[in-house]
Amino acid sequence: MGIGLKRIAIESDWRNETLRTNLWLIPAIESVAAVLLFAATLSIDHAAFHRQLSLPSWVISGSPDAAREILAALAGALITVVGVVFSVMIVTLTLASQQFGPRMLRTFIRDRGAQLTLGTFVATFFYALLVLISIGSTFVPHLSVTVALALTALDLGVLIYFIHHTATAIQLPQVIASIARDLTSAIDDECGGVGQPAELANGPSPELLQARLDRGGAVVAAPTSGYLRFVRHATLVAIAAEYGAVIRLHDRPGHFLTRGHPMATVFPPEVADKIRHRLERVHITGPLRTLTQDIAFGIDQLVEIAIRALSPAVNDTFTAMTCIDWLGDSLCRIAVDWYPQVYHRDRGGQIRLIAAPVSYERLVARSFEKIRQASGGMPAVLIRQIDALFTVLEVAPPGRTQVLLDQAALLQRLSERTVHEPADQADIAVRYQALLSLHATREQASAEPPG
């Protein structure tokens with residue numbers, strides 16, 4: 001039950017992410033709300049016009065011509081501000097693409113503050129236009145005109161918020177922290193199944209199934225090209241169970257699929273053709289990667305900012321160190337809880353799907369390799385990477401420390417080759433020895449018999 005709910009939650013997260021990463025959904029929803037509000041206020045105005053009720057004293061009154069002039073001025077001003085807001089967003093996206101990299105645009109496009117601001121002005125303009133059209137030769141929707149003025153006053157507050165929000169959002173530390181928060185949320189979603197009761201085990205062993213797939217499995221080619229964004233594992237298990245088959249995936253979310261190239265292997269081979277035609281709806285591909293089922297994408301975003309900062313054209317050491325700090329924070333969570341599910345079983349306990357998740361060791365390597373390669377001769381960056389490894393080592397369980405030691409050794413060797421100042425080399429060596437001492441202490445503590 002718990003695992004099923006987790007799968008539903010992950011698919012829901014993917015759908016929410018798809019809906020969130022656009023600039024039309026929120027304005028469309030607010031425009032529909034504006035139409036409903038107009039229908040409500042107009043019905044009250046018609047009732048007041050026919051003397052069925054009386055409007056409060058604070059409702060604005062006036063002639064039809066005066067109402068038309070007010071609403072025409074409001075509509076013109078609002079559409080002008082919409083153009084300004086849209087221009088600011090385009091400039092923000094351009095700066096983000098140049099400074100942070102094109103893959104950072106997703107962070108700004110999915111920003112709720114910008115979407116709500118754009119939607120609020122569009123909806124108010126739409127409402128004012130509807131009220132303007134409803135004015136007759138003698139009929140004046142006084143309540144609707146008053147509401148239009150109130151919405152315009154609200155828009156001024158939203159505009160001030162938008163200016164403040166944009167000025168804050170484009171600051172590099174804020175961008176890095178936002179990416180790190182999204183990464184932490186994705187890690188929590190992927191690690192949510194840890195501690196669930198073990199599935200019923202039945203049927204052939206994983207080793208036997210792997211041998212059968214290698215020896216007699218039929219290869220299924222990718223139907224389309226693009227980045228694999230989402231895999232419906234539960235649907236794949238149901239399809240495999242329906243045909244009494246086993247499916248082994250070659251790629252995980254985040255990998256690029258090339259049309260016509262191997263995507264999966266199916267055993268027995270005689271059902272491969274039937275399964276091939278059903279894979280399109282369980283493998284979602286697209287031109288961009290997302291964090292759903294692909295936490296390596298969040299790590300790659302932080303790494304990209306760091307190596308851009310370390311480039312000779314930018315030479316921003318502190319930004320790189322900020323990225324390393326957040327990477328270390330994420331790896332502390334991954335080191336403790338990252339145990340991705342490889343074998344997916346049906347209700348009878350038989351393995352029906354063999355996935356290809358990213359390993360803990362690979363996530364650690366992704367976090368440090370490219371930054372290390374770009375940080376030669378930079379003692380401050382090398383020290384910060386060793387410090388991050390030290391932090392992760394403090395919480396890493398037994399069996400998950402070797403990759404940390406390997407990365408630290410690579411950093412130490414890099415410093416010996418590229419750092420020419422003896423004092424800087426000594427600082428790096430001190431940090432490295434502290435990491436080795438921590439590992440030795442933990443190994444000794446784990447080897448001692450309890451109490």
Side-chain angles (χ1 to χ4, degrees), residues 1-4 6-7 10 187 190-222 228 230-258 261-276 278-279 282-283 293-296 334-366 396-406 446:
M1 178 68 71
I3 295 177
K6 180 191 173 187
R7 288 170 178 165
I10 291 176
I187 293 171
E190 289 293 314
C191 295
V194 175
Q196 296 288 347
E199 292 179 304
L200 173 66
N202 197 2
S205 66
E207 294 77 14
L208 179 58
L209 290 176
Q210 293 278 14
R212 288 177 180 176
L213 288 162
D214 292 336
R215 184 174 58 253
V219 174
V220 175
L228 183 57
F230 186 78
V231 178
R232 293 187 172 96
H233 295 103
T235 305
L236 274 175
V237 170
I239 293 172
E242 179 181 344
Y243 294 105
V246 179
I247 302 173
R248 180 174 63 192
L249 301 179
H250 296 177
D251 301 282
R252 60 171 176 78
H255 284 171
F256 187 83
L257 300 181
T258 302
H261 285 236
M263 178 181 66
T265 302
V266 177
F267 185 88
E270 23 313 336
V271 300
D273 288 336
K274 298 178 182 179
I275 292 177
R276 178 182 293 110
R278 302 179 64 178
L279 285 182
V282 294
H283 277 66
Q293 293 187 343
D294 182 19
I295 68 170
I334 292 171
V336 175
D337 291 332
W338 184 251
Y339 294 94
Q341 188 175 1
V342 177
Y343 302 104
H344 299 258
R345 300 176 183 269
D346 60 14
R347 293 183 178 179
Q350 296 198 46
I351 296 174
R352 295 299 181 185
L353 176 66
I354 303 176
V358 61
S359 66
Y360 157 74
E361 289 76 14
R362 185 57 192 150
L363 291 174
V364 173
R366 292 181 85 106
R400 291 201 157 185
T401 59
Q402 187 58 48
V403 64
L404 304 175
L405 298 174
D406 293 341
S446 61

Fill in the blank from the handout: In this structure, NE2 of His283 is separated from CG of Leu236 (nearest 0.5 Å) by 6.0 Å

Practice task
Looking only at non-hydrogen atoms, find the nearest pair between Pro397 and Tyr339 and report the distance.
Solution key: CG-OH, 4.0 Å

Problem - Residues in salt bridge (charged side-chain N to carboxylate O under 4.0 Å, His left out) contact with Asp294, at least two apart in sequence or another chain - result: Arg252, Arg289

Practice task
With rounding to the nearest 0.5 Å, note down the distance linking CZ in Arg232 to CG in Leu353.
Solution key: 14.0 Å

Which atom pairs, donor and acceptor, lie under 3.5 Å between side-chain atoms of residues 243-250 and protein residues at least two apart or in another chain?
{"from": "Tyr243", "atom 1": "OH", "to": "Arg278", "atom 2": "NH1", "distance (Å)": "3.4"}
{"from": "Arg248", "atom 1": "NH1", "to": "Gln210", "atom 2": "OE1", "distance (Å)": "2.7"}
{"from": "Arg248", "atom 1": "NH1", "to": "Asp214", "atom 2": "OD1", "distance (Å)": "3.0"}
{"from": "Arg248", "atom 1": "NH2", "to": "Asp214", "atom 2": "OD1", "distance (Å)": "3.0"}
{"from": "His250", "atom 1": "NE2", "to": "Thr265", "atom 2": "OG1", "distance (Å)": "2.7"}

Exercise for the section: Identify the two heavy atoms, one from Pro262 and one from Asp251, that lie closest to each other, and give their separation to 0.1 Å. Expected result: O-OD2, 4.0 Å

Completion exercise
Hits for side-chain contact (heavy atoms from CB on, under 4.5 Å) against Ala355, two or more places apart or cross-chain, chain-then-number order -> His233, His344, Pro357

Exercise for the section: Measure the spacing between CH2 of Trp338 and CD1 of Ile187 and express it to the nearest 0.5 Å. Expected result: 8.0 Å

Handout entry: With sequence neighbours excluded, residues passing salt bridge (charged side-chain N to carboxylate O under 4.0 Å, His left out) with Arg212
Key = none

Practice task
Can you see which heavy atom on Ala335 is nearest to which on Arg400, and at what distance?
Solution key: O-NH1, 3.2 Å

Problem - Glu270: partners by side-chain contact (heavy atoms from CB on, under 4.5 Å), with sequence neighbours left out - result: Pro268

Problem - Side-chain heavy atoms of Pro253 within contact of Val231, under 4.5 Å - result: yes

Practice task
Could you pull out the closest heavy-atom pair between Gly348 and Asn202, with the gap in Å?
Solution key: O-CB, 3.2 Å

Exercise for the section: List for me each residue that meets side-chain contact (heavy atoms from CB on, under 4.5 Å) alongside Ala365, sequence neighbours excluded, and say none if there are none. Expected result: Arg362, Glu369, Gln407

Exercise for the section: Report the distance from atom CG of Leu213 to atom CD1 of Ile354, rounding to the nearest 0.5 Å. Expected result: 5.0 Å

Problem - Distance, nearest 0.5 Å, that separates CE of Met263 from CG of Leu257 - result: 7.0 Å

Handout entry: Closest non-hydrogen atom pair between Val266 and Val271, with its separation
Key = CG1-CG2, 3.9 Å

Fill in the blank from the handout: For Ala396 and Tyr360 the tightest heavy-atom approach is CB-OH, 4.4 Å

